[in-house]
Number of protein chains: 2
Amino acid sequence: MVVSELSDQDVNRLFRALADATRRDIVRRTLVEDVSVSQLAGAYEMSFAAVQKHVAVLEEAMLVTKNSRGRERMVRANLDRIRQAQRLLDHFEELWRSRIDRLDILLAEDNPAPPDT
Amino acid sequence: MVVSELSDQDVNRLFRALADATRRDIVRRTLVEDVSVSQLAGAYEMSFAAVQKHVAVLEEAMLVTKNSRGRERMVRANLDRIRQAQRLLDHFEELWRSRIDRLDILLAEDNPAPPDT
DNA sequence: ATATCGTACAATCAAATGGTTGTATCAGAG
DNA sequence: CTCTGATACAACCATTTGATTGTACGATAT
């Protein structure tokens, strides 16, 4: 198992990168197969440079990696990073459980067992 | 099961709201127990208004709700929304599986069974 | 009734974001 | 070698974000 502590900054970048529909779509496409930057650029109604920037944001968030193939740069999504995001959300769920536990304790205190005899 | 279609806008807001350490901390605190805006404000090294704005961002993303209690406004995290975020990430995982499937097919084609006899 | 606590909200401001165009570089095709 | 396709990157601009201070207002405690 990879230890990989995510700093606050890393988590910020991770969620921020996911907070844009175009970038989420790039992740989707590159999860299924490697896609070059120009192929991606062809898929959206914006300039090549704009798409390039989105890829750069994803790269900084480590949600994708780029590899050279000939003169093209192939973009590939990094599933591990998505799983790390999931684990962060799992942690929230765990915290929520502690709320339930506290509530149970409170209810037990407010509703003591009836005095015997 | 809740149908709850999340629009692109909704998803943007959801992930954007999570892309800030203070806001994630507010979600953590309010998952465990209800906390008033002023209690939250006391927990961070920033103005009351700044914290109030963070709560507003979380509220727009529907990650928290506010209820009046006396003159206080109690903030409570909404676990359902966190689960929706998890489901979005699950969907990415599913797409990734299709990559593996394609790869298997390709390998099968490139490596045909050896000619018999 | 009035002082105060908790909140809401407007105005303001610096920095970050998301987009553009233009220029430079680099690998392959002819 | 030269032309072209695919990138990279800088400069620029409008909008949004994250924070501030200041003002207003409703609910409570005294």
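In the text below, chain A, chain B and the rest are named by the order of the sequence lines, each starting its count at 1.
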Next on the checklist: Counting only side-chain heavy atoms from C-beta out, which of D:dG18, D:dT7, C:dG6 sits nearest to B:Arg71?
Outcome noted: C:dG6
Checklist outcome for this item: Separation of C:dT21 atom P from A:Lys53 atom NZ, nearest Å, is 12 Å
Checklist entry - Rounded to the nearest Å, what distance is computed from the CE atom of residue A:Met46 to the P atom of nucleotide C:dT17? => result 17 Å
Next on the checklist: Without decimals, in angstroms, what is the distance between B:Glu60 CD and D:dG18 C1'?
Outcome noted: 14 Å
Next on the checklist: Does C:dC5 have its OP1 or OP2 closer than 4.0 Å to a side-chain nitrogen or oxygen of B:Ser38?
Outcome noted: no
Checklist entry - What is the distance, rounded to the nearest whole Å, between atom CZ of A:Phe15 and atom C1' of D:dT17? => result 19 Å
Next on the checklist: Using a 4.0 Å heavy-atom cut-off, does B:Ser36 contact any base of the nucleic acid, only the sugar-phosphate backbone, or nothing at all?
Outcome noted: sugar-phosphate
Item to check | Shortest side-chain distance from B:Phe48, nucleotide among D:dT7, C:dA8, D:dA19 | outcome: C:dA8
Next on the checklist: With a 4.0 Å cutoff (strictly under), does any side-chain N or O of A:His54 reach OP1 or OP2 of C:dT17?
Outcome noted: no
Item to check | Six-ring centre of B:Trp96, A:Arg28 cation under 6.0 angstrom, axis tolerance 45° | outcome: no
Checklist entry - Reckon A:Arg23 touches a base, only the sugar-phosphate, or nothing at all at heavy-atom distances under 4.0 Å? => result sugar-phosphate
Checklist outcome for this item: Testing D:dT7, C:dT7, C:dG18 for proximity to the side chain of B:Arg73, the answer is C:dT7
Checklist entry - Just how far, in rounded Å, is C1' of D:dT16 from CG of B:Asn12? => result 13 Å
Checklist entry - How do A:Asp20 and B:Met74 order along DNA chain C: which one's closest nucleotide is nearer the 5' end? => result B:Met74
Checklist entry - Closest to the B:Lys66 side chain: D:dA19, C:dA8, C:dG18? => result C:dA8
Checklist entry - Within less than 4.0 Å of OP1 or OP2 of D:dA8, is there a side-chain N or O belonging to A:Gln52? => result yes
Item to check | Nearest-angstrom distance from the residue atom CZ of A:Arg69 to P of D:dT7 | outcome: 11 Å
Checklist entry - Between B:Glu59 (CD) and C:dT7 (P), how many Å, whole number? => result 13 Å
Checklist entry - Which of these nucleotides, D:dA8, C:dT7, C:dC9, is closest to any side-chain atom of B:Ala49? => result C:dC9
Checklist entry - OP1, OP2 of C:dT20 versus side-chain N and O of A:Ser47: anything below 4.0 Å? => result yes
Next on the checklist: Within the 3.5 Å criterion, strictly below it, is a donor on A:Thr22 or A:Asp25 matched to an acceptor on the partner's side chain?
Outcome noted: no
Item to check | Donor-acceptor contact present, side-chain B:Arg23 to main-chain B:Leu18, <3.5 Å | outcome: no
Checklist entry - What is the distance from CD of B:Gln9 to P of D:dT16, rounded to the nearest Å? => result 11 Å
Next on the checklist: Please check: side-chain N/O of A:Arg73 versus main-chain N/O of A:Ser36, any donor-acceptor pairing under 3.5 Å?
Outcome noted: no
Item to check | Residues A:Asp34 and B:Arg99 bridged, charged N to O under 4.0 Å | outcome: yes
